[in-house]
Amino acid sequence: MQQAESIIKPLHADAGSGIMFNLNGMVTLGPETFPEGVIMLPVNKKTEMAVLAGGARLAGIRFHPAIGYGILGKHYHRLTLLKPEDDQDYQLYSLFHALKTQASSKCHLDTLTTWASTHLDFTDIIPTSLEKSLTYISHSDAVGNVSGHVLLSQRQIERQFKLWLGMTPKYYQRIRRIKRAMEFLKRHRQANLADVAHQFGFSDQAHMTREFQAIARVTPSSLTKPI
């Protein structure tokens, strides 16, 4: 993507991680500003703001929860500008230079797809038990019942989440609940907030507001304003 003037965009909390290629200009992610290069993104536990300088060109890869650890075998605990000498396994700087020569988003997408099919193996990338846990939590408010669906103890589930996502199942549930509620409010801007809080499993409207502010860094009411 490219723009003439500086813009600000939220990087919403989604429990995922990723790789960003800053192809031109400067980009500010949260408290840090990065030059051109390959930026390794940590698991997104709270919404951060991205400030793109005028003329910035970006491309990127976003990993679903746990997939980043499955691919890379490690977590980046903070935003990290990858050094070329540390790029031993995935030839990310070769990919960066290929993307930099291309002007269109379609070319970027084709190049990223080709690179992924060559360098990444998505076969059985995360444990089946973790995949089931993620699916169950994404569609249920009862975290305590996960162990009955994946045949693991609660402590084993906690360890899996800590290793693969860097968070507890409860925190992952909080992110998913807020994400679902935000998507609903964006589609139903006239919705009653107390009803929405009840619908998505918050104890009350005040609880929903606190959770939004803590993780999404917006209030529910800000999403109900007319476009």
Side-chain angles (χ1 to χ4, degrees), residues 8-18 29-31 41-50 62-70 75-79 126-227:
I8 301 175
K9 294 180 67 68
L11 300 177
H12 291 296
D14 62 0
S17 58
L29 302 169
L41 306 178
V43 174
N44 194 346
K45 300 177 183 179
K46 294 184 179 181
T47 294
E48 296 284 359
M49 302 307 296
R62 192 72 188 157
F63 296 124
H64 287 292
I67 299 297
Y69 180 80
H75 286 300
Y76 286 86
H77 297 290
R78 60 188 297 272
L79 292 157
I126 65 175
T128 300
S129 56
L130 178 59
E131 187 173 4
K132 288 181 178 180
S133 296
L134 292 169
T135 301
Y136 181 80
I137 292 175
S138 295
H139 296 91
S140 172
D141 293 322
V143 172
N145 295 332
V146 175
S147 59
H149 290 263
V150 299
L151 302 179
L152 292 178
S153 70
Q154 187 63 31
R155 181 170 295 182
Q156 288 173 314
I157 294 169
E158 294 272 350
R159 285 200 294 264
Q160 272 197 340
F161 270 76
K162 185 66 175 178
L163 176 63
W164 289 79
L165 283 86
M167 67 181 69
T168 65
K170 182 66 175 178
Y171 196 92
Y172 178 72
Q173 180 203 42
R174 291 172 67 193
I175 290 176
R176 292 296 307 171
R177 178 185 289 161
I178 291 168
K179 181 177 173 60
R180 295 199 309 269
M182 288 181 66
E183 290 171 348
F184 179 87
L185 286 171
K186 289 175 181 179
R187 296 193 306 269
H188 304 87
R189 292 181 176 269
Q190 304 304 316
N192 179 280
L193 293 180
D195 292 341
V196 173
H198 175 75
Q199 177 180 343
F200 288 95
F202 298 97
S203 58
D204 54 30
Q205 183 178 335
H207 176 220
M208 179 172 70
T209 297
R210 290 194 301 271
E211 287 288 274
F212 268 60
Q213 290 174 322
I215 293 177
R217 295 181 174 173
V218 296
T219 61
S221 60
S222 69
L223 302 178
T224 63
K225 296 177 181 178
I227 299 175

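Between the CZ atom in Arg174 and the CD1 atom in Ile137 there is a gap of 13.5 Å [rounded to 0.5 Å]. With values rounded to the nearest 0.5 angstrom, Leu79 atom CG is found 6.0 Å from Leu41 atom CG. How far CG of Leu29 is from CE of Met49: 11.0 Å, rounded to the nearest 0.5 Å. Interatomic distance, CD of Glu158 versus NZ of Lys162, reported as 10.0 Å (0.5 Å rounding). Considering CZ of Phe200 and CG of Asp195, their distance stands at 11.5 Å, rounded to 0.5 Å. With values rounded to the nearest 0.5 angstrom, Leu130 atom CG is found 9.5 Å from Leu152 atom CG.
In this structure, His188 places its NE2 atom where more than 12 heavy-atom neighbours from other residues, nucleotides or ligands lie under 6.0 Å away. Counting non-hydrogen atoms of other residues, nucleotides and ligands closer than 6.0 Å to NE2 of His75 gives a total above 12. A 6.0 Å sphere centred on CZ of Arg155 holds no more than 12 heavy atoms belonging to other residues, nucleotides or ligands.
Panel note: side chain Arg217, backbone Lys46; no donor-acceptor pair is recorded below 3.5 Å.
Of all heavy-atom pairs spanning Ser17 and Gly68, the tightest one is OG-CA, 3.6 Å. Ala13 and Ile215 make their closest contact through CB-CG2, 3.8 Å (heavy atoms, listed as atom of the first residue, atom of the second, distance). What you find for Ile126 and Ala66 is that their closest heavy atoms are CG2-O, 3.8 Å. Of all heavy-atom pairs between Arg180 and Ser138, the closest is NH1-O, 3.0 Å.
Counting only heavy atoms from C-beta outward, the side chains of Ile178 and His12 never approach each other to under 4.5 Å. The shortest side-chain heavy-atom distance between Tyr171 and Leu165 does not fall under the 4.5 Å cut-off. Side-chain contact between Arg177 and Met208 is absent, with no heavy-atom pair separated by less than 4.5 Å. No side-chain heavy atom of Pro65 sits less than 4.5 Å from a side-chain heavy atom of Trp164. A heavy-atom distance below 4.5 Å is found between the side chains of Met182 and Leu223.
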Does the side chain to side chain contact (heavy atoms under 4.5 Å, CB included) test come out yes or no for Val218 and Phe212, once each step is laid out? CA-CA 6 Å; Val218 296; Phe212 268 60; 4.1 Å; yes

Applying side chain to side chain contact (heavy atoms under 4.5 Å, CB included), run through Phe63 and Val43 and close with a yes or a no. CA-CA 9 Å; Phe63 296 124; Val43 174; over 6 Å; no

Walk me through whether Ile175 and Met167 qualify under side chain to side chain contact (heavy atoms under 4.5 Å, CB included). CA-CA 11 Å; Ile175 290 176; Met167 67 181 69; 4.1 Å; yes

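Salt bridge Glu183/Lys179: present, at least one basic N to carboxylate O contact under 4.0 Å.
With sequence neighbours excluded, no residue satisfies ring-ring contact (aromatic ring centres under 6.0 Å, His included) with Tyr76.
At a cut-off of 3.5 Å, with distance as the only test, a side-chain donor of Gln160 or Ser129 sits close to an acceptor on the other residue.
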